[in-house]
Amino acid sequence: MTKFRNTWVEINLDRLAHNIEVIRMTSEKSIFAVIKANAYGHGDIEVARFLETLQVSYLCVSSLDEAVHLRNHQITTPIIVLGYTEPEYLSEAIDRNVTCVVPSKEWLVKSLSLNDSLAKLTLHIKVDTGMNRVGIKTIEEFEEVLQLSKLNMLNIEGLYTHLSSSNFIDRMITNQQISTFQKFIDSADLNFRWVHTSNSDAALSLGKLDKHSNAVRCGIAMYGYSTFDTGLQPVLSMYCGINQIKNLNPGDRVSYSATYTAINEETIAVLPIGYADGLDRKLQGYNFHINDVPCEVVGRVCMDLIMIRVPDHTTVNDVVEIIGKNSDAAFMAEYLQTISYEILTSVSPRITKRYLLHGSHYKTINERFD
Ligand SMILES: Cc1ncc(COP(=O)(O)O)c(C=O)c1O
């Protein structure tokens with residue numbers, strides 16, 4: 001039992017350390033650990049604390065809110081906000097020693113007009129090499145940003161871009177992006193302390209092709225998933241207990257809208273987990289596992305409850321594996337026609353997290369109570 005509900009995720013920090021080591025060995029670069037979105041559902045504070053012991057060079061988040069949350073919990077490693085920071089709030093970033101991103105000249109001009117102490121802010125320039133999302137798209141705009149930075153004695157610490165298709169075996173798009181990025185690097189009369197290009201799949205597959213960078217920005221690989229099989233280990237598993245066992249007669253219907261009808265005499269288990277915990281309603285028909293035996297989700301997934309068809313000998317003391325060795329997040333993602341990122345980031349903070357370290361239980365966190 002974890003806190004007051006028998007539903008929990010297990011987060012194995014030994015596996016996280018293993019994955020960091022895989023990324024380090026494969027990329028031979030410093031690590032910028034991406035812990036946005038509550039560390040992809042793994043709990044940003046505990047993951048950040050652990051990553052500090054592994055001496056990653058930077059923690060990456062998506063908003064100033066996420067960065068402030070980390071600083072409020074005494075995280076001292078450099079933090080970069082990869083997303084757009086409203087120029088109005090940059091003084092908060094300066095006070096918290098949080099690095100921000102220059103996404104455009106327009107942003108920089110506005111930021112300079114609103115802050116007379118912008119030189120105190122650490123900045124990385126984001127170049128858009130083909131994703132057509134955040135970033136500077138032309139060399140002209142880039143040069144104007146560099147000039148403005150020089151004029152105002154800004155602390156431009158880094159330069160980066162983001163790859164759109166590093167999961168493709170065919171590197172055509174990645175190569176195009178890298179060569180565009182190289183042109184930006186060549187045009188700058190500035191030595192950047194940090195240059196970073198690769199996300200997880202690129203870090204694990206590009207090797208020396210990413211020769212202009214000295215760091216990789218990795219999220220999903222740290223948590224155990226990649227398109228490329230490099231011996232990563234999934235960090236998060238999800239389990240729950242059983243609230244009730246029910247015997248069904250042929251013709252009995254289960255859950256809202258009666259989408260499941262028992263054909264035979266069947267046994268079902270009622271589980272204390274639902275879509276409000278991050279499990280997709282389309283999981284009807286998917287298998288959870290009890291003692292490695294697949295048990296089908298029957299009837300609609302409810303907000304807080306799910307029913308599964310179980311072997312007759314099942315008891316309320318059995319543990320149900322929802323994400324684990326029998327079906328990991330990638331497997332569930334495939335069933336739902338999505339990606340492991342969405343499965344992991346959907347894990348609700350209302351689920352208790354049990355952290356494992358050195359092979360045994362280390363800490364239990366429920367964000368409602370801690
Ligand atoms: C700018 C940027 N860099 C790096 C990452 C990490 O990507 P991945 O989880 O594939 O390593 C993300 C994730 O969305 C991102 O937006």
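In this text, all values refer to a predicted model and were calculated from it rather than measured experimentally. Counting starts at 1 for both ligands and their atoms, in listed order.
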- Message: Does Glu52 form a salt bridge (charged side-chain N to carboxylate O under 4.0 Å, His left out) with Arg49? I'd like the steps, not just the answer.
- Response: CA-CA 5 Å; Glu52 289 198 314; Arg49 284 183 182 144; over 6 Å; no
- Give the minimum heavy-atom separation between Cys60 and Leu82, together with the two atoms involved.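 Taking every non-hydrogen atom into account, CB-CD1, 3.6 Å.
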- Task: Can you measure from CG (Leu232) to CD1 (Ile220) and round to the nearest 0.5 angstrom?
- Result: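 Nearest 0.5 Å value for the CG-CD1 distance: 10.0 Å.
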- Task: I would like to know whether Glu92 and Arg96 meet salt bridge (charged side-chain N to carboxylate O under 4.0 Å, His left out); could you show each step before the answer?
- Result: CA-CA 6 Å; Glu92 188 71 26; Arg96 305 291 190 139; 3.0 Å; yes
Identify the protein atoms, limited to N or O, that lie within less than 3.5 Å of an N or O atom of ligand 1, and list each pair with its distance to 0.1 Å.
unit_1: ligand 1; atom_1: 3 (N); unit_2: Arg217; atom_2: NE; d: 2.8
unit_1: ligand 1; atom_1: 3 (N); unit_2: Arg217; atom_2: NH2; d: 3.4
unit_1: ligand 1; atom_1: 9 (O); unit_2: Tyr40; atom_2: OH; d: 2.6
unit_1: ligand 1; atom_1: 9 (O); unit_2: Ile220; atom_2: N; d: 2.8
unit_1: ligand 1; atom_1: 10 (O); unit_2: Tyr341; atom_2: OH; d: 2.6
unit_1: ligand 1; atom_1: 11 (O); unit_2: Ser200; atom_2: N; d: 2.8
unit_1: ligand 1; atom_1: 11 (O); unit_2: Ser200; atom_2: OG; d: 2.5
unit_1: ligand 1; atom_1: 11 (O); unit_2: Gly219; atom_2: N; d: 2.8
unit_1: ligand 1; atom_1: 14 (O); unit_2: Lys36; atom_2: NZ; d: 2.7
unit_1: ligand 1; atom_1: 16 (O); unit_2: Lys36; atom_2: NZ; d: 3.2
unit_1: ligand 1; atom_1: 16 (O); unit_2: Arg133; atom_2: NH2; d: 3.3

- Task: Could you note down all residue pairs passing ring pair (Phe, Tyr, Trp, His ring centres under 6.0 Å) where residues 253-290 supplies at least one of them, sequence neighbours left out?
- Result: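 Output for this query lists Tyr286-Tyr335.
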- Take the angle between the ring planes of Phe32 and His124 and call it parallel below 30°, perpendicular above 60°, tilted in between.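 Because their plane-to-plane angle lies in the 30° to 60° range, the rings of Phe32 and His124 count as tilted.
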